[in-house]
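If you read the sequence from its start, that first residue is 1, and numbering goes on from there. Remember, it's 1-based here, ligands and their atoms both numbered in the order they're listed. Computed from a predicted model, the values in this text were never measured in an experiment. Quick note: numbers below take in every heavy atom, side chains included, and nothing from hydrogens, waters or symmetry partners.
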Amino acid sequence: MPDRVRLVVLFGGQSAEHDVSCVSGWHVLRAANRDRYQLEAIGIDRQGIWRQADDPTTAPEAGGGTHDHLSAVGSPINPMVALAPQAGQPALTVVLPVLHGPGGEDGTVQGLLEMANVPFVGAGVLGSALCMDKLKAKDVLAAHGMPQVPWIGLREGDCAEVVALARAAGLQYPLFVKPANLGSSVGVSRATDEAALEIATALAVRYDEWIVVEESAHGREIEVAVLGNTEPQASVPGEIIPAGDFYDYNDKYLNGAADLIIPADLPPTTSEEIRRLAVAAFTILRVDGMARVDFFYEPDGRGLLINEVNTIPGFTPISMYPKLWAATGVPYDALIDELVRLALDRHARRSRFSTTR
Ligand SMILES: Nc1ncnc2c1ncn2[C@@H]1O[C@H](COP(=O)(O)OP(=O)(O)O)[C@@H](O)[C@H]1O
Ligand SMILES: [Mg+2]
């Protein structure tokens, strides 16, 4: 690890997960080691304008504790200019995007960072885009024989036929309906019958052109944190006990009502199998750096089923990703160090290829 790194924490964004991202960004800025990093905070406001905070330590909480205040934290910047090396700064810059959802976790920001030729934490364009799109991720995981619940994908124009399409595919109720490109349970609902399926579909399609309709898993929710590039490692598995019907937005970020059990109480062979599948999914979906791989576990049914892979997991104090690593022996500040190291490693690895004939 080089002496001092300019660490740019990127948070906010134009997605429905803007608030969550600000909380994650705030926590990372607080925890990062000041001796090691020259910290900068760049917030993307709800209008999509990038703003550089004058004071990175207070940026995400400026504005009286609300999260809808990014317009108050600093002046608009041009990201390509702001991220370029500047005189008087450490030689190395690493960007840590803690942006959740579309326009941050989906490869768009990663493309901008690639064009700026700046090392950044986490998956690149392809891995980010694949994991963000629940439908394409399912297709690719299925092509590699990874276990999942049965599902169908629908485009906006097909939503009027949802009941018939679900029936034709033989899907068994209750069904889960979700926008293909979102997270934090926004737009996700559970439908116990055909009438509810139509309502759930109408909700999901407000958030994306593509939606997923899938069978419910009847079992436990287990999550594993993966860290690494070419040789990714999996944390101990953790279990989520949702407070309500399922693990919704309130549980995740607002009241923390869900219980997180770390490590999950599982037979050692199951635990090993989950870790193996988590690393496999990470590799299949071309992820780098970090991801949280989420499973359902039906002990008396279909066994382990992959739900989804999150390339920018939450970093709030109640978030699973940092907690899983802490329980595996990597505390929060060391986790940031390792993510920065992996970002530099990935950038060096990809810079070494020839660009001439
Ligand atoms: N097929 C399913 N069976 C059972 N519960 C589900 C299913 N799909 C989603 N859920 C519940 O909804 C939550 C959010 O869905 P998820 O697919 O993880 O979307 P998000 O990207 O919003 O986290 C899950 O954590 C789980 O509690
Ligand atoms: Mg999820």
Side-chain angles (χ1 to χ4, degrees), residues 15-17 19-21 24 99-102 104-106 128 130-138 141-142 146-153 166 169 171-192 196-197 200-201 203-204 206-208 210-225 237-254 256-261 264 278 281 285 291-299 301-314 316 318-321 324:
S15 83
E17 294 160 283
D19 296 353
V20 180
S21 168
S24 289
L99 298 161
H100 308 305
E105 192 173 352
D106 63 353
S128 301
L130 262 180
C131 292
M132 189 76 242
D133 192 303
K134 290 184 162 74
L135 275 179
K136 276 299 146 206
K138 281 180 188 297
L141 290 172
M146 302 294 274
Q148 304 176 81
V149 292
W151 81 94
I152 56 170
L171 296 184
Q172 303 291 311
Y173 287 81
L175 298 174
F176 266 84
V177 184
K178 340 176 167 174
N181 279 284
L182 214 65
S184 298
S185 306
V186 177
V188 175
S189 38
R190 183 167 173 269
T192 46
L197 177 60
T201 303
L203 173 72
R206 280 170 47 193
Y207 295 96
D208 192 19
W210 287 95
I211 66 160
V212 184
V213 177
E214 67 185 31
E215 285 189 4
S216 293
H218 311 284
R220 298 160 65 181
E221 281 191 67
I222 310 284
E223 303 190 343
V224 180
E239 177 162 7
I240 285 166
I241 315 278
D245 236 7
F246 63 92
Y247 191 33
D248 67 9
Y249 189 92
N250 287 349
D251 270 4
K252 286 178 183 171
Y253 306 110
L254 300 181
D259 271 331
L260 308 186
I261 299 172
L285 295 170
R292 201 193 66 231
V293 184
D294 299 350
F295 294 85
F296 300 118
Y297 177 43
E298 295 183 345
R302 294 169 285 188
L304 291 168
L305 303 158
I306 293 195
N307 175 28
E308 59 163 350
V309 177
N310 294 279
T311 52
I312 308 190
T316 71
I318 59 167
S319 297
M320 194 61 138
Y321 190 85
L324 286 174

Open item on the list: Between E105 and M132 (side chain of the first, backbone of the second, donor and acceptor by atom type, cut-off under 3.5 Å), is there such a pair?
Closed with: no
TODO: Supply the atom-to-atom distance R220 CZ to L304 CG, rounded to the nearest 0.5 angstrom.
DONE: 10.0 Å
Task: Option with minimal heavy-atom separation from atom 27 (O) of ligand 1, where the choices are H100, E221, E298, M132 - done: E221
Open item on the list: Quick check on H218 - does any of its heavy atoms sit under 4.0 Å from an atom of ligand 1?
Closed with: no
TODO: State the atoms of ligand 1, each with its element, that fall below the 4.0 Å cut-off from a heavy-atom position in A217.
DONE: 1 (N), 2 (C), 3 (N), 4 (C)
Task: Atom indices of ligand 1 within 4.0 angstrom of K134 heavy atoms, with elements - done: 17 (O), 19 (O), 20 (P), 21 (O)
TODO: Closest by any non-hydrogen atom to atom 17 (O) of ligand 1: pick that one out of E105, K178, E308.
DONE: K178
- [ ] In plain terms, say whether K138 and E214 are close enough for a salt bridge, that is, a side-chain N and a carboxylate O under 4.0 Å apart.
- [x] yes
TODO: Measure from the Mg ion (ligand 2) to every N/O/S atom of E308 and report the name of the nearest one.
DONE: OE2
- [ ] With salt bridge (Lys or Arg N to Asp or Glu O under 4.0 Å) as the test, would you mind laying out the steps for R302 and E215 before giving the verdict?
- [x] CA-CA 12 Å; R302 294 169 285 188; E215 285 189 4; 3.0 Å; yes
TODO: Go through ligand 1 atom by atom and flag the ones less than 4.0 Å from a non-hydrogen atom of E214.
DONE: 1 (N), 2 (C), 7 (C), 8 (N)
- [ ] Could you see which bit of N307 sits under 4.0 Å from ligand 1, with heavy atoms only: side chain, backbone, both or neither?
- [x] side chain
- [ ] Could you pull out the closest heavy-atom pair between Y321 and G314, with the gap in Å?
- [x] CB-O, 4.0 Å
Open item on the list: Using a 4.0 Å heavy-atom cut-off, which part of R190 comes near ligand 1: side chain, backbone, both, or neither?
Closed with: neither
Task: Point-to-point distance, once rounded to the nearest 0.5 Å, from CG of L305 to CG of L141 - done: 12.0 Å
- [ ] First locate atom CD of E308, then atom NZ of K178, and finally report the distance between them rounded to the nearest 0.5 Å.
- [x] 6.5 Å
- [ ] Output the list of atoms in ligand 1 that are nearer than 4.0 Å to some heavy atom of E215, sorted by atom number.
- [x] 1 (N), 2 (C)
